[in-house]
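Worksheet for the structure shown next.
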Amino acid sequence: MMLSLYRLASGPLGAPFITAFLNKRLRDGKEDANRFSERLGEPGMARPAAGRLIWIHAASVGESLSMLPLVERLLKDDPALALVITTGTVSSAKLLAERLPSGAIHQYAPVDRAKYVRRFVDHWRPDLVLWAESEFWPNLIIETTNAGVPMILVNGRVSPKAFAGWGRAPGVIAKLLRRFQLCFAQSEEDAIRLGQLGANHSEYLGNLKFAAPELPADPAALNELERMFGDRPRWLSASTHAGEEAMIADAHRKIAADHPGLLSIIVPRHAGRGVEVTEMLKNRGFRVARRTAADPIDAETEIYVADTMGELGLFFRATPISFMGKSLVRLGGQNPLEALRLGSAVLHGPHMM
């Protein structure tokens, strides 16, 4: 019943509201204006003329990074294979533009309306879909499998919070999971939860995030950053979310009392929040420099707001201690492996999952 209501609401009945929502996202810069039609299922390029094509779907940056080793292995094993990788965020599109190998195409994922999904599937005609982690959008799953395309969940994840939430709609999640021929989980606990929610075949084979390559960094930019930092004690707060920066600022004051000259670096998860974060910190009395404004770091700078995209590899290398954002708020925490691979010790808040 709930699934039918969702399908109805995301169809012609809800079209005006969906259009208004997407237009607002476009105005707010949360959609790519140059490629917005891809969100409506319209192709950004032609399908490769011949050969097999696999569609890999990853929600955003974290999922995209975990899929890169799989993309490279698939193309190594079959150079004639075509891969289409879809994501839903501007930041992930920029990341993949820099890091996808030849033979892999990025497209924005169609919004979860049946007509958009059918348009996408009819154009790309995938032979197989690999679905990353926990993006259980009903129309994307239903319309794809209705077209006869087999689906496999890879690096599947169901957090305790998501498990409890889906437990209130057991019929919905069971119907969606049973459309996957295989569900490979990123932990044994995830495999158990997937099975309990209705997956026909769930199995733990390992976590693809452990296979992800190191985040890149431009050597010249790293040298310049280390020159600006000098020998000051410093720590990084990576991928922070709204509400965390104020707590990080309070922590800075306490730590600076024992470590004179402390420099705190904050990298907001969404770069567009840089101005907002900077103004909040200044209003609290901090001396702040912002990266996209090319503000210099001098001896008086207390907090550096690095509101850029794709530079975390730079900052993990340049700071000995990294706090993982999204863990002071009830959102589950960011992936700590990226920092650990680059030798930065990791701290996190109470909500890391």
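Model, not experiment: these values are computed from the prediction.
When side chains are defined from C-beta on, L74 counts as touching I56, because their heavy atoms get closer than 4.5 Å. Side-chain contact check for W131 versus I152: every heavy-atom pair is 4.5 Å or farther apart. Looking only at side-chain heavy atoms (C-beta outward), L128 and V149 stay at 4.5 Å or farther from each other. Counting only heavy atoms from C-beta outward, the side chains of M151 and I141 approach each other to under 4.5 Å. A 4.5 Å side-chain heavy-atom check between I105 and W124 finds at least one atom pair inside the cut-off. Considering only heavy atoms from C-beta on, F323 comes within 4.5 Å of L328 through its side chain. For the pair L312 and S239, the minimum side-chain heavy-atom distance is below 4.5 Å. Annotation: side chain of R99 is in contact with side chain of P213 (closest heavy-atom distance under 4.5 Å).
A donor-acceptor pair under 3.5 Å is formed between the side chain of R234 and the backbone N or O of A318. Judged by distance alone, with hydrogens and angles left aside, the side-chain atoms of T301 form a donor-acceptor pair with the main-chain N or O of D298 at under 3.5 Å. A side-chain donor-acceptor contact under 3.5 Å links S10 to the backbone of R7. Side chain of E244 to main chain of H241: a donor-acceptor pair is present (N/O by atom type, distance under 3.5 Å, no hydrogens or angles). Looking at R193, its side chain never comes within 3.5 Å of a backbone N or O of R157 through a donor-acceptor pair.
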Scan the side chains in residues 16-25 for donor-acceptor partners under 3.5 Å anywhere in the protein, sequence neighbours excluded, and list what turns up.
from	atom 1	to	atom 2	distance (Å)
T19	OG1	A15	O	3.0
N23	ND2	T19	O	3.3
K24	NZ	D28	OD2	2.7
R25	NE	E31	OE2	2.7
R25	NH2	K30	O	3.2
R25	NH2	E31	OE2	3.3

Taking distance alone, no hydrogens or angles, what donor-acceptor pairs closer than 3.5 Å link side-chain atoms of residues 57-69 to residues at least two apart or in another chain?
from	atom 1	to	atom 2	distance (Å)
H57	ND1	T86	O	3.4
H57	ND1	T86	OG1	2.8
H57	NE2	E135	OE1	3.3
S60	OG	T89	OG1	3.0
S60	OG	R269	NH2	3.3
E63	OE1	S60	N	3.1
S64	OG	S60	O	2.6
S66	OG	E63	O	2.8

Side-chain donor-acceptor pairs of residues 253-260 under 3.5 Å, sequence neighbours excluded:
from	atom 1	to	atom 2	distance (Å)
R253	NH2	R284	O	2.6

Side-chain donor-acceptor pairs of residues 285-292 under 3.5 Å, sequence neighbours excluded:
from	atom 1	to	atom 2	distance (Å)
R287	NE	E300	O	2.8
R290	NH1	T292	OG1	2.7
R290	NH1	D307	OD2	3.1
R291	NE	E311	OE1	2.7
R291	NH1	Y304	OH	3.0
R291	NH2	E311	OE2	3.3
T292	OG1	D307	OD1	3.1
T292	OG1	D307	OD2	2.6

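Listed here is the closest heavy atom pair of P48 and L53: CD-CD1, 4.0 Å. Shortest non-hydrogen contact noted between E188 and Y204 is CG-CD2, 3.3 Å. Scanning all heavy atoms of the two residues, the minimum distance from S92 to T87 falls at OG-OG1, 2.8 Å. Pairing each heavy atom of Y108 with each of G88, the nearest pair is CD2-C, 4.4 Å. The shortest heavy-atom contact between A104 and I85 is CB-CD1, 3.7 Å. Annotation for M324 and V346: closest pair CG-CG1, 3.6 Å, computed over non-hydrogen atoms.
Hydrophobic clustering (side-chain heavy atoms under 4.5 Å, transitive across Ile, Leu, Val, Met, Phe, Trp, Tyr) keeps L40 apart from V117. In terms of hydrophobic clustering, with Ile, Leu, Val, Met, Phe, Trp and Tyr side chains grouped at heavy-atom distances under 4.5 Å, L176 and M2 are assigned to a common cluster. Each of I321 and L263 belongs to its own hydrophobic cluster when Ile, Leu, Val, Met, Phe, Trp and Tyr are linked at side-chain heavy-atom distances under 4.5 angstrom. Note: the hydrophobic cluster containing I142 does not contain V111 (ILVMFWY, side chain heavy atoms under 4.5 Å, direct or indirect links). Under a hydrophobic clustering in which Ile, Leu, Val, Met, Phe, Trp and Tyr are joined whenever their side-chain heavy atoms come within less than 4.5 Å, directly or via other members, F184 and I173 fall into different clusters.
For the atom pair CD1 of I265 and OG of S322, the computed distance is 8.5 Å after rounding to the nearest 0.5 Å. Within the model, atoms OG of S134 and CD of Q186 stand 8.5 Å from one another, a figure rounded to the nearest 0.5 Å. Considering CG of L205 and OG of S187, their distance stands at 12.0 Å, rounded to 0.5 Å. With rounding to the nearest 0.5 angstrom, the CZ atom of R168 is 11.5 Å from the CZ atom of F163. Here the CZ atom belonging to R179 is positioned 12.5 Å from the CG atom belonging to L140, to the nearest 0.5 angstrom.
Ring geometry for W166 versus F136: interplanar angle over 60°, hence perpendicular rather than tilted (30 to 60°). In this structure, F229 and F315 have tilted ring planes: the angle between them lies in the 30° to 60° band.
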Side chain to side chain contact (heavy atoms under 4.5 Å, CB included) evaluation trace for L100 with H106 = CA-CA 8 Å; L100 276 181; H106 174 265; 3.9 Å; yes
Where do K115 and E143 land on the salt bridge (Lys or Arg N to Asp or Glu O under 4.0 Å) test, with the steps shown first?
-> CA-CA 9 Å; K115 66 181 291 186; E143 294 299 329; over 6 Å; no
Test side chain to side chain contact (heavy atoms under 4.5 Å, CB included) on F180 and T145 and set out the steps.
-> CA-CA 8 Å; F180 290 93; T145 52; over 6 Å; no
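For the residue pair Y6 and D112, a side-chain donor N or O sits within less than 3.5 Å of a side-chain acceptor on the partner. At a cut-off of 3.5 Å, with distance as the only test, no side-chain donor of N139 or R118 sits close to an acceptor on the other residue. There is a side-chain donor-acceptor pair under 3.5 Å between W235 and S264.
Ion pairing between a basic and an acidic side chain is recognised when a charged N comes within 4.0 Å of a carboxylate O; R52 and D78 show such pairing. Under the 4.0 Å criterion applied to side-chain N and carboxylate O atoms, R35 and E42 are not assigned as salt-bridge partners.
Within a 6.0 Å radius of CZ in R73, other residues, nucleotides and ligands contribute 12 heavy atoms or fewer.
When each of L153, N155, L208 is paired with E133, the side-chain contact (heavy atoms from CB on, under 4.5 Å) condition holds for N155 and for no other.
Residues satisfying the side chain to side chain donor-acceptor pair (under 3.5 Å) criterion with R227, sequence neighbours excluded, are E224.
Residue pairs meeting the salt bridge (Lys or Arg N to Asp or Glu O under 4.0 Å) criterion with at least one member in residues 316-332, sequence neighbours excluded, are E214-R317.
For the pair R39 and F36, the NZ or CZ position fails the cation-pi test of under 6.0 Å to the six-membered ring centre and within 45 degrees of the ring normal.
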